[in-house]
Amino acid sequence: MTKRTKTWKIGEYCAGGVIRAKSCGELVKLEVRDYFTDELLNSSAFGRIHERQVVEFLENFTTSYYADKVRQWIKEKVWGEK
């Protein structure tokens, strides 16, 4: 089982400023964290069938541009899609 972690330090374009994606197999946990304290502000876990919910979750905290960047990374690196 492959584990991957990626952090985006978005700053003012994200509530809190940081999005972190952690994968364990095909399950992805998304965390929204404070830029300065690293405090967890919100998180949720998603499977491969929840691609639309991934974008909806992210768009509550950041712009559609960054939500799409995170979604693309998840599809490519975690779910093995192009």
Side-chain angles (χ1 to χ4, degrees):
M1 180 176 343
T2 304
K3 294 185 178 188
R4 298 179 189 272
T5 301
K6 171 112 172 116
T7 302
W8 292 265
K9 292 187 175 182
I10 301 170
E12 64 188 30
Y13 295 104
C14 174
V18 177
I19 294 174
R20 183 171 296 143
K22 297 179 177 182
S23 72
C24 187
E26 290 192 358
L27 185 66
V28 177
K29 180 179 180 183
L30 295 175
E31 299 175 347
V32 177
R33 296 187 162 272
D34 183 86
Y35 190 86
F36 298 103
T37 66
D38 202 39
E39 174 187 358
L40 181 63
L41 302 176
N42 204 327
S43 69
S44 193
F46 303 94
R48 182 185 289 255
I49 63 171
H50 301 112
E51 185 176 347
R52 185 174 50 83
Q53 288 92 332
V54 166
V55 173
E56 289 174 0
F57 174 80
L58 290 168
E59 285 182 348
N60 285 322
F61 301 100
T62 190
T63 65
S64 59
Y65 173 82
Y66 287 109
D68 190 56
K69 290 290 184 189
V70 175
R71 181 193 60 80
Q72 287 175 356
W73 180 85
I74 292 169
K75 283 182 72 172
E76 183 180 319
K77 302 292 184 184
V78 179
W79 296 334
E81 300 175 15
K82 297 229 175 196

Looking at [atom1] of [X] and [atom2] of [Y], how far apart are the two atoms once the value is rounded to the nearest 0.5 Å?
{"X": "Phe61", "Y": "Leu30", "atom1": "CZ", "atom2": "CG", "value": "10.0 Å"}
{"X": "Glu12", "Y": "Thr62", "atom1": "CD", "atom2": "OG1", "value": "10.5 Å"}
{"X": "Lys69", "Y": "Ser64", "atom1": "NZ", "atom2": "OG", "value": "11.5 Å"}
{"X": "His50", "Y": "Ile74", "atom1": "NE2", "atom2": "CD1", "value": "12.5 Å"}

Parallel, tilted or perpendicular: which fits the ring planes of Tyr66 and Tyr13, with parallel below 30° and perpendicular above 60°?
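Aromatic pair Tyr66/Tyr13 classed tilted.
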Verify side-chain contact (heavy atoms from CB on, under 4.5 Å) between Leu27 and Phe46, making sure each step is shown before the conclusion.
CA-CA 6 Å; Leu27 185 66; Phe46 303 94; 5.8 Å; no
I need the minimum non-hydrogen distance between Ile10 and Ile19, along with the two atoms involved.
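Smallest heavy-atom distance, with atoms named: CD1-CD1, 3.7 Å.
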Which heavy-atom pair separates Asn42 from Leu40 by the least distance, and what is that distance?
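Smallest interatomic distance, heavy atoms only, reads O-CD1, 3.5 Å.
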Using side-chain contact (heavy atoms from CB on, under 4.5 Å), reason through Arg71 and Glu51 one step at a time and then give a plain yes or no.
CA-CA 8 Å; Arg71 181 193 60 80; Glu51 185 176 347; 3.0 Å; yes
Any sub-3.5 Å donor-acceptor pair from [X]'s side-chain atoms to [Y]'s backbone N or O?
{"X": "Arg48", "Y": "Trp79", "result": "yes"}
{"X": "Arg33", "Y": "Val18", "result": "no"}
{"X": "Ser23", "Y": "Arg4", "result": "yes"}

Residue from Val78, Val28, Asp68 passing side chain to side chain contact (heavy atoms under 4.5 Å, CB included) with Trp73:
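Result: among Val78, Val28, Asp68, Val78 is the only option passing the side chain to side chain contact (heavy atoms under 4.5 Å, CB included) with Trp73.
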Apply side-chain contact (heavy atoms from CB on, under 4.5 Å) to Lys29 and Glu31, showing your working.
CA-CA 7 Å; Lys29 180 179 180 183; Glu31 299 175 347; 3.6 Å; yes
Should Tyr65 and Leu58 be regarded as members of a common hydrophobic cluster, given that ILVMFWY residues are connected when their side-chain heavy atoms come within less than 4.5 Å of each other, either directly or indirectly?
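Tyr65 and Leu58: one cluster.
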May I ask you to check if Lys6 and Trp8 form a cation-pi contact, with NZ or CZ under 6.0 angstrom from the six-membered ring centre and within 45° of the axis?
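Yes; both conditions hold, so Lys6 lies above the ring face of Trp8.
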Stepwise side-chain contact (heavy atoms from CB on, under 4.5 Å) check, Phe57 with Val32
CA-CA 10 Å; Phe57 174 80; Val32 177; 4.3 Å; yes
Do Thr7 and Arg20 meet the criterion of a side-chain donor-acceptor pair at a distance under 3.5 Å?
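Present: a donor and an acceptor within the cut-off.
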For Glu56 and Asn60, what are the C-alpha separation, side-chain angles and deciding distance, and is it a side-chain hydrogen bond (donor to acceptor under 3.5 Å, both in side chains)?
CA-CA 7 Å; Glu56 289 174 0; Asn60 285 322; over 6 Å; no
